[in-house]
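What follows is a single structure, written as structure tokens, with notes after it.
In the text below, chain A, chain B and the rest are named by the order of the sequence lines, each starting its count at 1.
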Amino acid sequence: MSKKTVLFACGTGIATSTVVANAVTEAMKERGITIDSRQCKATEVRSELNGVDLIVSTTQLPSDLSVPSIVTLAFLTGMGKTEALDKIEAELRK
Amino acid sequence: MAEALMNHIDPEAIVLGVDTDSREAVIRLLADKLKAAGYVKDSFAEAVLAREATMPTGLPLGHAVNVAVPHTDPDHVVKPGIALATLKNPVTFANMEDPDEAVEVGLVFLMALNDKDRQIEMLQEIMATIQSEEAISGLMQASSLDDVAAVLK
């Protein structure tokens with residue numbers, strides 16, 4: 001399977017998205033998927049979509065994006081983490 | 001990871017059993033502590049409140065006590081640090097994931113962030129702590145700095 005590009009978004013595009021990007025990249029590696037991770041502010045997602053396979057965000061995203069997206073706090077709170085990872089894996093294996 | 005969180009929290013900026021009815025009061029109280037201990041500028045409290053209004057930081061944890069991690073831009077920060085409050089009665093924050101949804105918060109970590117590497121480390125340690133139900137209940141029951149240190153060390 002080729003490398004998948006995931007855009008991680010949060011309020012500032014720095015702190016929270018880094019924590020989530022690390023958690024997801026590591027977990028997907030264990031599931032055999034290599035992620036090329038990018039980060040941005042949730043408000044800037046629209047201009048960062050080129051070549052992106054999936055968006056994972058901790059805050060609300062603009063509607064009508066052309067790329068599939070998952071908004072979840074699971075990687076911050078620990079709640080529903082496995083489900084979120086399953087969803088991400090399923091989306092990246094499409 | 002949670003072991004090191006105490007290293008980032010200033011003992012002067014820990015307030016236990018805060019009795020208040022608004023998130024604004026909690027944020028101002030903790031911001032004052034960080035200000036007095038030299039972590040933030042005068043503009044910090046207002047900037048945190050303004051950010052919270054548009055980019056809220058309430059995190060629902062699915063058990064008795066929820067958490068909020070208010071913070072703001074580095075311009076208002078002198079050096080990185082964390083203030084901590086446990087609340088006698090929960091106050092309402094908005095959900096980070098959905099600003100229209102209210103989260104009743106009993107534990108607040110106010111973060112002063114201006115160093116990219118340290119802020120990620122601090123956030124990661126806070127997240128590791130709040131993912132432990134044992135740590136949360138330990139903090140909520142803490143009545144002294146020693147109690148807090150025992151949970152976070």
#### Entry: Side-chain heavy-atom pair B:Arg118, B:His8 within 4.5 angstrom cut-off
yes
### Task
Decide yes or no for B:Leu110 and B:Lys33: does some side-chain heavy atom of the first lie under 4.5 Å from some side-chain heavy atom of the second?
no
#### Entry: Closest approach of A:Lys3 to A:Ile35 (non-hydrogen atoms, all atoms of both residues)
CG-C, 4.5 Å
### Query
Where along residues 38-53 of chain A does a heavy atom come under 4.5 Å of chain B, listed by residue number?
none
### Message
Would you say that B:Phe109 contacts B:Leu107 through its side chain, given a criterion of any heavy-atom pair below 4.5 Å between the two side chains?
### Response
yes
### Task
Would you mind checking if B:Lys35 and B:Asp42 are paired as a salt bridge, meaning a charged N to carboxylate O distance below 4.0 Å?
yes
### Task
Before giving the answer on salt bridge (Lys or Arg N to Asp or Glu O under 4.0 Å), spell out for A:Glu91 and A:Lys87 the whole-Å C-alpha distance, their side-chain angles and the decisive distance to 0.1 Å.
CA-CA 6 Å; A:Glu91 199 55 59; A:Lys87 261 169 85 177; over 6 Å; no
### Task
Please determine, among B:Leu61, B:Leu59, B:Thr57, the option with the most heavy-atom pairs under 4.5 Å with chain A.
B:Leu61
### Message
If you define the side chain from C-beta out and look only at heavy atoms, does anything of A:Phe75 sit under 4.5 Å from A:Thr58?
### Response
no
#### Entry: With A:Val67, the side-chain contact (heavy atoms from CB on, under 4.5 Å) member among A:Ile55, A:Thr5, A:Leu7
A:Ile55
### Query
Taking side chain as C-beta onward, heavy atoms only, is B:Glu104 less than 4.5 Å from B:Val65?
no
### Summary
Within residues 16-29 of chain A, the residues sitting under 4.5 Å from chain B by heavy atom, in sequence order, are A:Thr16, A:Thr18, A:Val19, A:Asn22
### Message
Do B:Ile9 and B:Leu152 have side chains that approach each other closer than 4.5 Å (heavy atoms only, starting at C-beta)?
### Response
yes
### Summary
Between A:Cys10 and A:Ile14 the two heavy atoms that sit nearest each other are SG-N, 3.8 Å
### Cluster check B:Ile120, B:Leu113: I/L/V/M/F/W/Y, side chain < 4.5 angstrom
yes
### Task
Find out whether B:Leu123 and B:Gln119 are in side-chain contact, i.e. whether some heavy atom of one side chain is under 4.5 Å from a heavy atom of the other.
no
#### Entry: Region of B:Pro60 that comes under 4.5 Å of a non-hydrogen atom in chain A
both
#### Entry: Interface residues of residues 132-148 of chain B facing chain A - heavy atom cut-off under 4.5 Å
none
#### Entry: Ionic contact status for B:Glu46 with B:Arg28, cut-off 4.0 Å
yes
### Message
If I compare all heavy atoms of A:Leu61 with all of A:Ala9, which pair ends up nearest, and what's the gap?
### Response
CD2-CB, 4.3 Å
### Message
Are B:Val108 and B:Leu30 packed together at the side-chain level, in the sense that at least one heavy-atom pair is separated by less than 4.5 angstrom?
### Response
yes
### Message
Tell me whether A:Gln60 contacts the main-chain N or O of B:Pro99 through its side chain, where contact means a donor paired with an acceptor under 3.5 Å.
### Response
no
### Message
Please output the residues of residues 66-97 of chain B in contact with chain A, using a heavy-atom cutoff of under 4.5 Å, in numerical order.
### Response
B:Asn95, B:Met96, B:Glu97
